[in-house]
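Heads up: the structure comes next, in structure tokens.
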Amino acid sequence: MQRYDSAIDMTGSDRDEDELPEHTKEPTVAGPIGPHMHHKRPLSPVAASSSSGPPSRSASPHSVHSPHSAIHSTDSPPNSAGHHDNTTSPHDLGAPLDLSLLSLPPVAVIPTRLSPEALHDLHEQLSAANADLVTTFPSDGQTADIHRARFFLGQINTPKRAAFELRKLGVHTEEVEAGTSREAVWQDDGLITVVKVEWWEKCLEKDGVQSINPYIVYVGRLTEGPPGGDGKKRALPSAEELVKEREMKRRRILERAQGDAGGSDSRVKVIPGKPWTKPNTTTSVDEEFGVKRPKLMRKTTSEYEREKGLANQVQPRYVREQLKLAVHRPHPLHCPNDAFINVLKTIKLSRTLQLDDIGIRAYSTAISAIQAYPYELLSSSTLLTLPGCDGKTSALFYEWYNSSPDDVSQRKIQAVEEIEQSEEYRVMKEFYQIWGVGAKTAREFYLDKGWRSLDDVIEFGWNQLSRVQQIGLKFYDEINFIPIPRPEVARIGALVGKVADELRPGYEYIITGGYRRGKEQSGDVDMVLCHRDEEQTRGGFLTMLVTRLEEEGWVTHTLYLGRGGGFGTQRVGEPPRSHGLAHGEGAEELEKAMVMWQEQDPASPFYKEEGGRNVSPHRRVDIILSPPSCVGTAVLGWTGGTTYERDLRRWVEKRWGWKFDSGGVWERGSGRRVELGEWAEGEDLVQCERRVIEGLGLEYFKPELRNTG
DNA sequence: CGGCGTACG
DNA sequence: CGTA
DNA sequence: GCCG
């Protein structure tokens with residue numbers, strides 16, 4: 001089980017090759033999480049019943065990503081040491097009469113590395129020996145009973161592993177010094193003993209209870225347990241603690257970030273400078289350019305010359321046909337004009353911090369149009385031909401290009417330089433990057449409160465922050481400066497999928513967001529979970545799942561956990577409220593959880609330890625739970641990018657008079673549901689999404705071509 | 001000159 | 001108001 | 001800031 005890593009499909013390399021045009025293909029990242037994935041190995045020596053042969057893999061035409069089959073296909077044979085090949089146990093079922101475990105404290109079995117058969121047999125044998133047996137895998141995610149157990153049997157070899165497996169079961173312990181007498185162990189109800197399965201085999205072999213001493217792997221003392229496992233929120237540190245913590249963490253984190261992100265510290269040096277905006281003066285970016293009729297701007301000779309070279313270039317369709325909406329053109333992740341786009345992104349951010357929503361929209365539109373342009377831009381007049389780009393964009397390009405025609409890396413725009421140097425911009429940006437702090441609040445911190453650094457926020461404002469803002473601050477560096485490598489995103493998705501499937505077999509998942517659009521590194525993990533049986537997606541399953549993940553330590557903080565939206569357009573299954581119409585089919589709803597995540601498996605390649613402590617970076621993970629009735633729209637709605645999503649809604653409204661949201665498509669007038677996103681039989685999640693897109697009258701562009709910035 | 005995605009807690 |  |  002510690003081989004999750006190698007089993008993860010790092011690249012989505014299993015492509016579903018079909019005869020679609022190239023741009024419509026994408027790797028299938030979703031797949032059934034086979035119900036038969038649990039523990040399919042013919043494993044334990046205790047497994048009397050002969051389960052032989054390799055684990056059967058769930059075979060679906062498109063599926064590749066069954067965490068289970070993947071995990072179990074990675075054949076690391078169970079530690080061969082303990083692997084006597086006694087498929088014919090003399091004991092079959094039932095324990096010998098003189099083998100009584102009556103005096104043992106409540107016993108439980110750690111299922112890891114045990115086949116279902118082995119697990120089953122063990123359970124039967126133990127109860128036959130009158131053990132006070134606690135079942136470890138109640139099918140419904142109820143772990144209440146497990147807390148009774150004090151004696152665990154498992155195929156475990158190291159104390160660290162034992163503690164990890166216990167935590168997965170919701171039992172939180174810290175290791176106790178060796179040398180605790182066994183009497184003390186039995187008598188102290190706070191102590192947990194983990195013993196190798198071999199011990200029980202020995203007992204069976206000798207027809208009597210044997211000394212456990214040689215088989216003890218771990219003795220631990222029960223601890224508080226995790227944050228939130230019982231619905232309690234983890235106590236956040238005080239301001240003072242956080243300041244210290246930040247100091248200690250910063251160096252390490254930034255070092256690592258440089259390693260991960262290629263060595264650039266994204267924070268700029270502080271240069272005391274003039275304000276970056278002066279209301280009512282003419283120094284704002286917008287007014288810097290006194291070009292009233294930019295379309296008539298005279299071209300320099302060199303620009304004219306460059307342009308002649310472009311004459312034979314075939315302009316892309318969206319330019320020829322002036323298609324304005326991002327849903328009508330492909331946007332690759334990288335394009336020849338990325339450098340200029342970055343300039344526009346800086347201006348867009350400055351507009352964001354000025355609460356200029358319309359400016360944001362305008363720059364987003366221009367950025368996406370340029371992102372779709374397949375050639376290097378060489379003249380401002382070419383830019384004028386792109387939809388969403390006009391005088392201002394063109395003027396910006398003109399200044400930018402001519403500031404250094406021969407060296408792209410040296411090009412700049414004066415107004416943008418000033419933005420980047422201004423304290424106001426830099427500090428507000430820093431605040432804005434706190435999860436839970438928007439532009440308005442960032443401005444308030446800077447302008448009203450007068451704060452100038454994160455330390456100011458912590459020192460002077462800690463108690464005024466919302467809980468999620470405190471969490472956002474606590475993990476500020478990890479969230480903002482340590483991107484998640486693609487393989488780790490895949491690993492997190494697979495793990496969530498696996499745990500979901502363990503709770504209720506039959507779950508499938510797909511990782512959406514930037515990962516699905518092909519990004520090599522992600523800021524967070526977005527995923528859609530779905531079950532073909534609608535019943536299985538109800539009944540607070542997401543809460544159950546998140547609770548389990550908390551118990552096992554993966555989820556360290558829950559930022560948001562709720563039904564029916566909250567953020568975004570998550571409300572599903574019933575018409576938008578504005579229509580005021582009841583919906584017959586009952587309330588199917590999309591559930592969504594936003595959490596902080598941390599790797600817990602010491603064997604994972606993403607696990608980092610320092611001084612015996614887990615210092616793996618915390619990650620932001622969003623989990624969307626969709627009923628089968630709207631999984632197509634959910635996947636489409638959660639894949640993005642932002643401008644694609646906005647234009648999708650505009651198109652649906654304009655073309656059909658419908659309203660799109662990730663929970664479905666609705667008729668405007670009647671409020672009736674347009675049946676588009678249901679999960680059809682024999683269809684995978686990607687095919688389902690495609691049906692929605694085509695049903696809306698759109699060309700299907702694969703997610704890698706929806707990078708609208 | 002109005003409109004620009006969108007709903008929710 | 002912040003989020004996706 | 002750009003579109004209709």
Side-chain angles (χ1 to χ4, degrees), chain A residues 284-287 289 291 294-295 322-327 344 347-348 351-352 355-369 383-396 431-445 465-469 472 512-514 523-528 559-572 574-579 589-594 620-624 633-654 658-664 666 708:
Chain A
S284 83
V285 201
D286 318 341
E287 289 147 349
F289 309 88
V291 187
K295 289 186 179 186
Q322 284 294 295
L323 302 176
K324 322 274 185 203
L325 299 180
V327 286
L344 298 182
I347 301 177
K348 177 180 151 187
R351 296 307 185 86
T352 304
L355 309 181
D356 176 9
D357 287 346
I358 299 315
I360 298 169
R361 172 72 238 208
Y363 278 94
S364 300
T365 307
I367 287 168
S368 68
L383 204 45
L384 289 174
T385 68
L386 304 192
C389 300
D390 206 328
K392 184 58 189 285
T393 322
S394 170
L396 288 170
F431 294 162
Y432 182 63
Q433 287 177 293
I434 301 170
W435 201 90
V437 171
K440 182 102 177 187
T441 307
R443 288 177 69 81
E444 182 194 321
F445 286 0
L465 299 178
S466 71
R467 171 189 150 77
V468 296
Q469 289 168 340
T512 55
D524 64 5
V525 180
D526 298 308
M527 59 188 295
V528 172
L559 298 166
Y560 175 93
L561 173 59
R563 297 185 61 94
F567 303 128
T569 52
Q570 267 54 262
R571 178 162 256 285
V572 258
E574 60 184 74
R577 217 159 264 192
S578 50
H579 298 296
E589 286 186 356
L590 264 186
E591 294 184 80
K592 170 173 167 174
M594 306 170 73
R620 279 266 310 106
V621 178
D622 294 340
I623 305 169
I624 291 85
T633 51
V635 171
L636 176 55
W638 280 92
T639 297
T642 304
T643 304
Y644 182 92
E645 296 294 335
R646 288 176 156 189
D647 286 352
L648 176 64
R649 285 158 174 75
R650 294 212 292 174
W651 164 258
V652 171
E653 153 75 43
K654 197 176 64 167
W658 295 340
K659 189 201 303 267
F660 175 93
D661 79 52
S662 58
W666 315 95
T708 52

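Each chain gets a letter, A, B and so on, in the order the sequences are listed, and its residues count up from 1. Hydrogens, waters and symmetry mates are skipped; everything else that's a heavy atom, side chains included, is used.
Between A:T393 and A:Y363, every side-chain heavy-atom pair lies at or beyond the 4.5 Å cut-off.
Between A:L648 atom CG and C:dA4 atom C1' there is a gap of 14 Å when expressed in whole angstrom units. Rounded to whole Å, atom P of C:dG2 lies 14 Å from atom CZ of A:F431. Between the CG atom of A:D524 and the C1' atom of C:dT3 there is a distance of 11 Å, given to the nearest Å. The interatomic distance linking A:Q433 (CD) with C:dG2 (P) rounds to 15 Å, in whole Å. Protein atom CH2 of A:W658 is 21 Å distant from nucleotide atom P of B:dG5, rounded to whole Å. The nearest whole Å value for the distance from the NZ atom in A:K659 to the P atom in B:dC4 is 12 Å. Distance A:D661 CG to C:dT3 P: 20 Å, rounded to the nearest Å. What separates CZ of A:R649 from P of B:dG3 is a distance of 20 Å, to the nearest Å.
Comparing C:dA4, B:dG5, C:dC1 by their closest approach to the side chain of A:W638 singles out C:dA4. When the nucleotides B:dG5, C:dA4, D:dG1 are ranked by their closest atom to the side chain of A:K592, C:dA4 comes out on top. Closest to the A:R646 side chain, of the nucleotides B:dA7, D:dG1, B:dG5, is B:dG5. Checked against B:dG9, B:dG5, B:dC4, the side chain of A:R361 finds its nearest nucleotide in B:dG5. Relative to the side chain of A:R620, the nucleotides C:dG2, B:dG5, C:dA4 differ in distance, and C:dA4 lies closest. With D:dC2, B:dG5, D:dG1 as the candidates, the nucleotide lying closest to the side chain of A:D390 is D:dC2. Residue A:K440 has its side chain nearest to C:dC1 when only D:dG1, C:dC1, C:dA4 are considered. Closest approach to the A:E645 side chain among B:dG5, C:dA4, C:dC1 is made by B:dG5 (side chain taken as heavy atoms from C-beta onward). The side chain of A:K324 approaches D:dC3 more closely than any other nucleotide in the set B:dG5, C:dA4, D:dC3. The nucleotide whose nearest atom lies closest to any side-chain atom of A:W435 is, among D:dG1, C:dA4, B:dG5, C:dA4.
Nucleic acid contact for A:D622: sugar-phosphate only, since backbone atoms but no base atoms lie under 4.0 Å from a heavy atom of the residue. Using a 4.0 Å heavy-atom criterion, one finds that A:G438 contacts the sugar-phosphate atoms exclusively. If you check every strand for non-hydrogen atoms under 4.0 Å, A:D526 touches sugar and phosphate atoms only. Among the heavy atoms of the strands, none lies under 4.0 Å from A:V468.
Considering CG of A:L636 and CD of A:E645, their distance stands at 5.5 Å, rounded to 0.5 Å. For the atom pair A:R443 CZ and A:L355 CG, the distance stands at 5.0 Å (nearest 0.5 Å). Taking CD of A:Q469 as the start and CH2 of A:W435 as the end, the distance is 10.0 Å to the nearest 0.5 Å. Rounding to the nearest 0.5 Å gives a distance of 11.0 Å between OH of A:Y644 and CZ of A:R649.
A distance of about 23 Å separates the C1' atoms of C:dA4 and B:dG3, rounded to the whole Å. To the nearest whole angstrom, the two P atoms, one in B:dG5 and one in D:dG4, are 14 Å apart.
A salt bridge links A:R361 with A:D647: the distance from a Lys NZ or Arg NE/NH1/NH2 to an Asp or Glu carboxylate oxygen falls below 4.0 Å.
For D:dC3, neither phosphate oxygen OP1 nor OP2 lies less than 4.0 angstrom from any side-chain nitrogen or oxygen of A:T365.
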